Amino acid sequence: MGHPTRNAAMNLFAQIRSLILTTLEGMVADGVLPEGLNVDPITAEPPRDAAHGDMATNAAMVLAKPAGMKPRDIAQALAERLSMDARVTSAEVAGPGFLNLRLAPSVWQGIAAGVLKEGVDFGRADLGTGQKVNVEYVSANPTGPLHVGHTRGAVFGDALASLLDFAGFDVTREYYINDGGAQVDVLARSVYLRYLEAHGQEVAFEDGTYPGDYLIAVGQALKEKVGADYLDQDEGVWLANVRDFSTDAMMELIKADLAALGVEIDVFYSEKSLYGTGRIEAALEDLKNKGLIYEGVLEPPKGKKPEDWEPREQTLFKSTAHGDDVDRPVMKSDGGWTYFAPDIAYHYDKVQRGFDALIDVFGADHGGYVKRMKAAVSALSDGQVSLDIKLTQLVKLFKNGEPFKMSKRAGTFVTLRDVVDQVGADVTRFVMLTRKNDAMLDFDFDKVLEQSRENPVFYVQYAHARVASVLRKATEAGIAVDDATLGAADLSKLDHEAELALLRKLAEWPRLVETAARSNEPHRVAFYLYELAGEFHGLWNRGNEDGSLRFIQEDDAATSQAKIALARATAIVIAAGLGILGVTPAQEMR
RNA sequence: GGACCAUUAGCUCAGCUGGAUAGAGCGCUGCCCUCCGAAGGCAGAGGCCAGAGGUUCGAAUCCUCUAUGGUCCGCCA
């Protein structure tokens, strides 16, 4: 996975932090500080208030107690030494012992040069150190097209996978096909009805069947494949074949939906492939060997009236030994597996495939499932493999500010395809990431297409398009604007406060990638891009009032190139961020 | 009865895993287009971070209760 020092070289905050640590080592060597201090909690981060300088460190406060010294004394001594570094123009002790650093303009100007040199790889991190991580998302039942709820999970999972890849993990994107349960039998029977219909028969869709129109074509295709062979036949004759035929057809449909959204899955993993192959048995055997499988009777759930509750002995997984609240059944009273059993086997398989970390993306309605799944992975891997489960909350649909109720019966059931067809994949993806994954999301079909600052999709795209516009104009004016030329421009001309502010924002990108990846939260990328765009638009508008801030300076190619370098660097970072989100950067707005 | 998630400006939401005077958009008030796209920008007002305890140099952030809202709770996936 490349160069261990790569991110450290690009992440200015990491650079300054290591400068601080080196300086502290010197103080220890000189006897100013005692030995054996823990420096892990020391940070170098941008202060909230720009008046506090460019970067702040808590080193003095963190070390005060273990060193037995006053924080301000440590800070003062540290300040004097840090001031010796060429990058540091001032170091002031503030508040309870903060050390506020101001960095030389050349440091910030170097950021733009770094971006132009690295391109969209600027900010790529080695946080993952090449560890193998598996991200499982969507995993919708193969019984119909994806709906709007799946869309959020699909976008979130996909962006998370890209983010982790960017942060240096070896990522596998995976989809678990629930093709082993009773619901695929229901699908098969529904398709059979459509098959009969294709043969001209009158059919009725009772409760417990899928009446959706999308199965008409499948029934027709079945007829074309088997002709009249299944007419007037018992279920035993056709069920298994129709089930396979139908799930294949549904997965084709689902894959087409995902493709329309720009989601590419590496591995489609079939639940059915676990049955009859001994794999479920093997997973449970592993748990049994660890003493975690037993026959027992569960307590009835409290509070809720246990109408048909009867104490029943079941085969249970002792998930409480790994943090769950109650033990969970793995076998039904009829001797069949519960749905949990193949899930255990599936995760056992992931563990055996050698992943260092697993991530499951579920809908919020599966929240009750989190603890038992974590317990299973913990038990199966002896605590060696981590499982993080991210829940995506509901998407509430609106049209022109009015709630838009989904109902299959009323025909207002909104599919992923509906959304993509109406607003496009780029807009859909960005909007799905404008909320934290576990917060409800309002999706208004009209507002997401609005062209205003209210709409972050537009706002970010607009910034990128403005840069493209500048590049076009500059080229027309005969100014060379290829990245190599811009990177070699005299960037010391970028000395205005508004320009430095934008450079500082760009400098945060590598740091943001790491924190977003650490918390598995791709929405942070979307929020960062919005802030970055805001900084850029601010500078742009100042050019309206102060001509010297415009990117293109008449009759001064050198200055123009320095300023365009800044614009271009902004566009590169926007493009990199949008790339993680799976959104195409716009060259122009129309 | 229990579990999980939420609660931050009038509204919709961020808050960088414990840092300084808590931010943004919308709405409100006042400004800025002979000018690389004003589809924008600048400034101002607006807060007991649901409440109460605790942990420590320091809490919106961590712990414990409480209140409200959402999701879920054996043989459905």
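Model, not experiment: these values are computed from the prediction. Computed over heavy atoms, backbone and side chain alike; hydrogens, waters and symmetry mates excluded. Every chain is numbered from 1, with letters handed out A, B, ... down the list of sequences.
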A:R524 (side chain) and B:C16 (base): donor-acceptor pair under 3.5 Å: no
Watson-Crick or G-U counterpart of B:C49, or none if no pair lies under 3.5 Å: none
side-chain N/O A:W540 vs B:A38 OP1/OP2, d < 4.0 Å: yes
Lys/Arg N to Asp/Glu carboxylate O, A:R504 vs A:E535, below 4.0 Å: no
Sugar-phosphate only, base, or nothing, as touched by A:R542 at under 4.0 Å among non-hydrogen atoms: nothing
Touch class at under 4.0 angstrom, heavy-atom based, for A:I552 against every strand present: base
Minimum-distance nucleotide (side-chain atoms of A:Y459 versus B:G41, B:A3, B:A14): B:G41
Watson-Crick/G-U partner (both atom distances under 3.5 Å) of B:C62: B:G54
Residues A:K473, A:E476: salt bridge by 4.0 Å N-O rule: no
Atom P, compared across B:C13 and B:A50: separation rounded to whole Å: 15 Å
Sugar-phosphate only, base, or nothing, as touched by A:R466 at under 4.0 Å among non-hydrogen atoms: sugar-phosphate
Shortest side-chain distance from A:Q314, nucleotide among B:A38, B:G15, B:G74: B:G74
Cation-aromatic face contact A:R328/A:F340, 6.0 Å, 45 degrees: no
Nucleotides 66-71 of chain B: protein proximity per nucleotide (B base, S sugar-phosphate only, - neither; heavy atom, under 4.0 Å): -----S
Sugar-phosphate, base or nothing in reach of A:Y369, heavy atoms under 4.0 Å: nothing
Between B:A9 and B:G25 - C1' atom distance, rounded Å: 12 Å
B:G74 OP1/OP2 closer than 4.0 Å to side-chain N/O of A:K332: no
Any strand: nucleotide that pairs with B:C72 via Watson-Crick or wobble, under 3.5 Å: B:G2
Syn/anti state of B:C49 by chi, 90° boundary around 0: anti
Contact under 4.0 Å: A:K371 side-chain N or O vs B:A3 OP1/OP2: no
Pairing nucleotide - B:A43, Watson-Crick or G-U, each distance under 3.5 Å: B:U29
No-hydrogen, no-angle side-chain donor-acceptor test under 3.5 Å, A:D360 and A:H347: yes
Sugar-phosphate or base contact per nucleotide [nucleotides 19-32 of chain B; S, B, -; heavy atom under 4.0 Å]: BB---SSS------
Touch class at under 4.0 angstrom, heavy-atom based, for A:E271 against every strand present: sugar-phosphate
B:U34: pairing nucleotide in any strand, Watson-Crick or G-U under 3.5 angstrom: none
Watson-Crick or G-U wobble partner of B:U17, both distances under 3.5 Å: none
Nucleotide nearest A:R550 when distance is taken to its side chain, options B:G74, B:C36, B:U12: B:C36
Candidate nucleotides B:U17, B:U56, B:A14, ranked by approach to the side chain of A:R511 - the nearest: B:U17
Rounded P spacing from B:A20 to B:C11 in Å: 25 Å
Upstream residue (5' side of RNA chain B) when A:G181 and A:T434 are each assigned their closest nucleotide: A:T434
Contact nearer the 5' end of RNA chain B, comparing A:N178 with A:H537: A:H537
Any A:Y339 side-chain N or O less than 4.0 Å from OP1/OP2 of B:C75: yes
Distance-only donor-acceptor check, side chains A:Y528 and A:R524, under 3.5 Å: no
Within residues 471-478 of chain A: residues closer than 4.0 Å to RNA chain B (heavy atoms): A:K473
Touch class at under 4.0 angstrom, heavy-atom based, for A:S519 against every strand present: base
